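For clarity, every value in this text was computed on a predicted model and none was experimentally measured.
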Protein chains: 2
Amino acid sequence: MPFSNEFMDNPHADRVRHVARLSKAKARQRSGLFLVEGPQSVRELVTYEPQLVKDLYIQAHADYQDAQDEGEAASEVVTRILEHPHIRDMYVHYVSPEVMMQMSQDAQGIVAVADLGRMKSNSSDLAAMVQKRQENEPIRLAAFWEIRDPGNAGTVIRAADAAGCDAVIFVGNCVDASNPKVVRSTVGSLFHIPLIRMATDTFFTTMKDAAINVTAADVHGVEGQQSESLPELVNSESLGKDSMAVLFGNEARGLSDDILRRCQKIVYIPMYGKAESLNLATSAAIMLHTLAMSSHVGRI
Amino acid sequence: MPFSNEFMDNPHADRVRHVARLSKAKARQRSGLFLVEGPQSVRELVTYEPQLVKDLYIQAHADYQDAQDEGEAASEVVTRILEHPHIRDMYVHYVSPEVMMQMSQDAQGIVAVADLGRMKSNSSDLAAMVQKRQENEPIRLAAFWEIRDPGNAGTVIRAADAAGCDAVIFVGNCVDASNPKVVRSTVGSLFHIPLIRMATDTFFTTMKDAAINVTAADVHGVEGQQSESLPELVNSESLGKDSMAVLFGNEARGLSDDILRRCQKIVYIPMYGKAESLNLATSAAIMLHTLAMSSHVGRI
């Protein structure tokens with residue numbers, strides 16, 4: 001791996017400031033770069049999307065400077081990442097704890113700077129995915145309309161990954177997925193599953209053209225279309241055969257009636273106790289995983 | 001409702017300091033009181049556990065002092081709480097925004113001080129619950145071993161409530177459930193469902209005596225006992241007839257082998273994508289809700 005010769009120990013260096021600034025949306029837009037923090041996220045980045053990595057910054061052992069050796073990471077889990085074959089082609093920089101702290105307070109010994117432009121999936125990727133798919137292998141998408149909370153956004157990407165969805169779609173005015181809090185909350189799932197952004201109208205026309213039914217997650221339904229319960233949906237004949245996108249609403253406002261009218265089905269999670277509702281991330285995990293389990297096992 | 005005559009506008013008053021201090025464990029132990037913050041939590045407290053309420057503090061309209069009227073809450077949702085018939089017997093105090101801010105930064109216009117001693121459920125409550133139960137109405141418990149994160153603890157109590165569990169059991173050295181962050185994260189579910197604390201040994205002997213099977217949530221299983229997948233468990237004959245406690249492990253360490261050996265079954269949530277795992281709160285929600293849906297609908 002092409003190590004940088006220079007051990008970075010000046011927390012005020014330009015390069016350190018440039019990395020730290022990637023926590024701001026403006027700096028990410030201007031530079032086309034984003035931050036990946038912590039061993040788990042960086043490991044998944046290095047494993048699944050190595051071509052995105054511009055630079056890796058590793059916190060060195062406290063005695064690194066004295067030892068003058070090639071460099072040793074401060075923690076074992078980071079050392080294991082450095083043994084990955086993909087690392088060979090990456091720029092690895094050893095930095096002091098002060099420099100690391102300046103770059104990111106959530107690094108736990110390792111951060112990567114990654115290329116935003118090369119990661120962006122778009123609707124043509126989805127079209128390609130639809131074309132490649134076999135007839136008896138339906139597509140499963142998790143779509144989120146105007147999701148705004150970074151922690152929620154990361155958690156639902158992870159849930160969609162765990163449920164084996166083919167892609168996540170952020171519909172309309174959603175949170176910026178390169179926000180470090182989103183990246184951290186996905187715990188690497190951001191590099192497992194394509195994330196596609198679409199305007200609301202584009203989403204519905206794309207789904208229609210690809211013959212993917214849109215099922216809205218909503219308790220109340222809308223005039224002319226009742227919401228059915230998740231167990232009913234799971235018991236329905238077509239499930240498992242048809243391609244399907246499950247569309248979840250905004251954390252506070254849910255889905256508008258206008259959006260609900262454009263969906264083929266509306267489904268809700270039955271509540272059995274006295275709780276009125278579950279939050280978005282929990283609802284998405286229950287719904288996506290229930291659908292995944294039921295189509296993998298026939299009936300669960 | 002017995003209003004306090006005095007409008008509280010001195011943020012340095014003794015009473016204000018006493019309320020604010022309830023964010024600290026020591027102050028809660030000494031006083032036997034705890035804080036319930038925000039309209040949703042207070043509404044559920046007033047509705048389901050009114051006997052716990054010692055005092056209600058409502059943030060008054062900015063013009064309250066000038067108007068000299070009986071008192072008007074600063075928000076509509078708080079006003080609706082004040083219309084609840086249970087409010088009649090409660091001590092309601094109107095306070096200035098400064099006083100409210102001093103008492104709690106998560107009040108959103110309303111906090112209650114509640115009686116900790118009267119809330120504590122214990123194992124004799126569970127025994128009573130077991131005795132009252134009919135034969136064809138099995139008991140469902142959600143048990144958490146050494147759960148430590150307050151946000152997680154609150155979220156899993158809410159998930160257990162939503163899944164219609166009969167009680168939540170905190171096993172071993174768990175977080176203090178009167179911690180304000182736990183209370184807030186339950187969004188009122190703390191007042192819907194009994195929460196019982198038990199030492200690890202007591203838990204297993206209590207379950208055995210009550211003929212409640214313990215199913216551990218664990219991916220790996222233990223020598224001599226493999227983990228079966230959640231869909232397999234849901235398809236098994238006995239599910240829905242037998243009483244059952246699902247036991248979840250600590251956020252970082254899971255369940256020890258020693259604990260796993262004492263459980264009747266071990267079950268895991270299958271992962272379909274590239275994600276390695278889900279966090280505790282998400283796993284608990286998926287597992288508890290899947291079991292609930294399957295026993296309510298026969299097979300889902």
Side-chain angles (χ1 to χ4, degrees), chain A residues 40 43-44 47-48 140 142 151 154-168 185-193 229-235 269-279 281-300, chain B residues 40 43-44 47-48 140 142 151 155-168 185-193 229-235 239 269-279 281-300:
Chain A
Q40 271 190 290
R43 186 189 62 210
E44 301 307 293
T47 307
Y48 292 100
R140 281 295 161 85
T155 307
V156 298
I157 292 171
R158 187 180 180 192
D161 177 19
C165 292
D166 296 294
V168 171
S185 310
T186 72
V187 201
S189 286
L190 190 62
F191 311 116
H192 296 162
I193 180 171
S229 80
L230 181 57
E232 277 181 88
L233 178 69
V234 167
N235 271 324
I269 298 172
M271 295 284 121
Y272 298 110
K274 298 193 192 97
E276 272 178 28
S277 63
L278 292 162
N279 67 31
T282 306
S283 302
I286 291 175
M287 201 164 289
L288 296 173
H289 226 88
T290 301
L291 293 170
M293 289 191 288
S294 86
S295 50
H296 277 82
V297 198
R299 291 282 173 277
I300 68 167
Chain B
Q40 270 190 289
R43 185 191 60 209
E44 301 306 292
T47 308
Y48 291 101
R140 282 295 161 87
T155 307
V156 299
I157 292 170
R158 186 180 180 192
D161 177 19
C165 292
D166 296 294
V168 171
S185 310
T186 72
V187 200
S189 286
L190 190 62
F191 312 115
H192 295 162
I193 179 172
S229 79
L230 181 56
E232 278 182 87
L233 178 68
V234 167
N235 270 324
L239 195 84
I269 297 172
M271 295 284 121
Y272 298 110
K274 299 193 190 96
E276 272 179 28
S277 64
L278 292 162
N279 67 30
T282 306
S283 302
I286 291 176
M287 200 163 289
L288 296 172
H289 225 88
T290 301
L291 293 169
M293 288 191 287
S294 87
S295 51
H296 277 82
V297 199
R299 291 283 173 278
I300 67 165

- B/His289 (side chain) donor-acceptor with A/Pro270 (main chain) under 3.5 angstrom: yes
- Query: Looking only at atom types and distance, does a side-chain atom of A/Asp161 sit under 3.5 Å from a main-chain N or O of B/Lys274, one as donor and one as acceptor?
  - Reply: yes
- Item | Interchain contact, B/Ala163 with chain A, by part (heavy-atom threshold 4.5 Å) |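 Contact with chain A is through the backbone of B/Ala163 alone.
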- Query: B/Tyr48 versus chain A, heavy atoms under 4.5 Å apart: side chain, backbone, both or neither?
  - Reply: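 Just its side chain gets close to chain A.
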- Note on the structure: Contacts of B/Glu232 meeting salt bridge (charged side-chain N to carboxylate O under 4.0 Å, His left out) (sequence neighbours excluded), chain-then-number -> none
- Heaviest contributor of heavy-atom pairs below 4.5 Å to chain B, chosen from A/Asn279, A/Val187, A/Ile193, A/Thr155, is A/Asn279
- Item | Residue selection (most heavy-atom pairs with chain B, distance under 4.5 Å) from A/Ala162, A/Gly164, A/Ala159 | A/Ala162
- Is A/Glu276 close to B/Ser189 at the side-chain level, that is, under 4.5 Å between some pair of heavy atoms? no
- Under 4.5 Å between any side-chain heavy atoms of A/Val234 and B/Met293, yes or no? no
- Message: Applying salt bridge (Lys or Arg N to Asp or Glu O under 4.0 Å) as the test, list every pair that has at least one member in residues 281-295 of chain B; sequence neighbours left out.
- Response: none
- Look at B/Glu44, B/Gln40, B/Met271 and state which one has the largest set of heavy-atom pairs under 4.5 Å with chain A.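 With the most close heavy-atom pairs to chain A, the winner is B/Met271.
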- Under 4.5 Å heavy-atom distance to chain B, tell me which part of A/Ser283 shows up: side chain, backbone, both or neither.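 A/Ser283 has no heavy atom closer than 4.5 Å to chain B.
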